[in-house]
Amino acid sequence: MIAILGAGSLGRLWAATLPAGQVAFVPRPQTSAESPCYRFHPVNGEPVPTSVPWLTPCQSPDLLLVTTKAGDTLSALQATLPSIPESTPIVLFQNGMGSQQAVSEHWPERSVLAASTTEGANRPSPDRLIHAGRGQTWVGALSGNAECHLETVVERLARSGLAIAPEADILARLWHKLVINAGINPFTAILDCANGDLLSQAFYQRWIAPLCREISNISQISGQPAEAPEAIRHRIEAVARSTSANTSSMRADVIAGRPTEIDYMNGYLSELGQRLGVKTPVNQMLTEQVKQLTRPYQQQES
Ligand code: KPL
């Protein structure tokens, strides 16, 4: 049995594509008694009515996929892990960086893997899940004792029909995506525009070059593969163009009044920069501006 913690777009995509009868969502305090039912719209083909049961206390999953928002991950796992066998490998699907390391440090005895995915999925309404674009998922071991589970985990996830491959250096892969997110997500949230539309905006044009210089400096000093600022900008803009009609996950969070993952993207980069003695004023400014957009929500919550 594969348990999925987090019934958002990505969790629902895995639940709909993995063989029925082998998947269950982990119930959380806020979930209703009814198990999630939705229409799954594959990239090609007719919608499929999908119903995924809740994991029951007597079921013992042999794989746990964690598809919560980065900021919810630690608390969701704190509530869930006491009922999951210690031998069950955990695959983290969070955006950005920072939450994955926090989990593997918090539970050093567990086998923790991380995934980086370019699958596109969204939920235009609570009862629909659209698989908007086929992508690729890479999985790699984060903690030393997870290495031995990698092959089996990849083989089980491949039963979904989604493209999945093992990755020997998952931290480098997460970093590669973090750079893209740091260059697209905050701008689209601040400017309230689709990914492709940010390229012509004066605010983006003013800040993208200094942002890429900061990221390049941090990459070099933190031991990530060295990448020139122009190469970083080129990569960011290629993704903005290839996903031009997309609403980024951060813009979608702001529109929906949810907390964003800025602390795990530009916020993570500024903290890392501070620790390494690299100045990061642009990452800090973008982090602060995105936080301003969601401040009313944070005040309501506190
Ligand atoms: O991953 C993304 C996100 O929205 O979080 C990008 C690559 C920016 C695509 O929208």
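Note that ligands are numbered from 1 as they come in the structure, with each ligand's atoms numbered from 1 the same way. These numbers come from a predicted model, not from an experiment. In what follows, every heavy atom counts, from backbone to side chain, and hydrogens, waters and symmetry copies are set aside.
Asn195 and Thr243 share a side-chain donor-acceptor pair at under 3.5 Å.
At least one cation-pi condition fails for Arg128 and Tyr38: the charged atom is not both under 6.0 angstrom from the six-membered ring centre and inside a 45 degree cone around its axis.
Between the Ser270 side chain and the Thr287 main chain, no donor and acceptor come within less than 3.5 Å of each other. At least one donor-acceptor pair under 3.5 Å links the side chain of Ser248 to the backbone N or O of Arg251.
Aromatic ring centres of Trp14 and Phe93 lie closer together than 6.0 Å.
Comment: Asp127 does not engage Arg39 in a salt bridge, judged by the lack of any side-chain N to carboxylate O separation of less than 4.0 angstrom.
For ligand 1, the 4.0 Å heavy-atom shell takes in Lys177, Asn181, Ile184, Asn185, Asn195, Val239, Asn246, Ser248, Ser249, ordered by chain and residue number.
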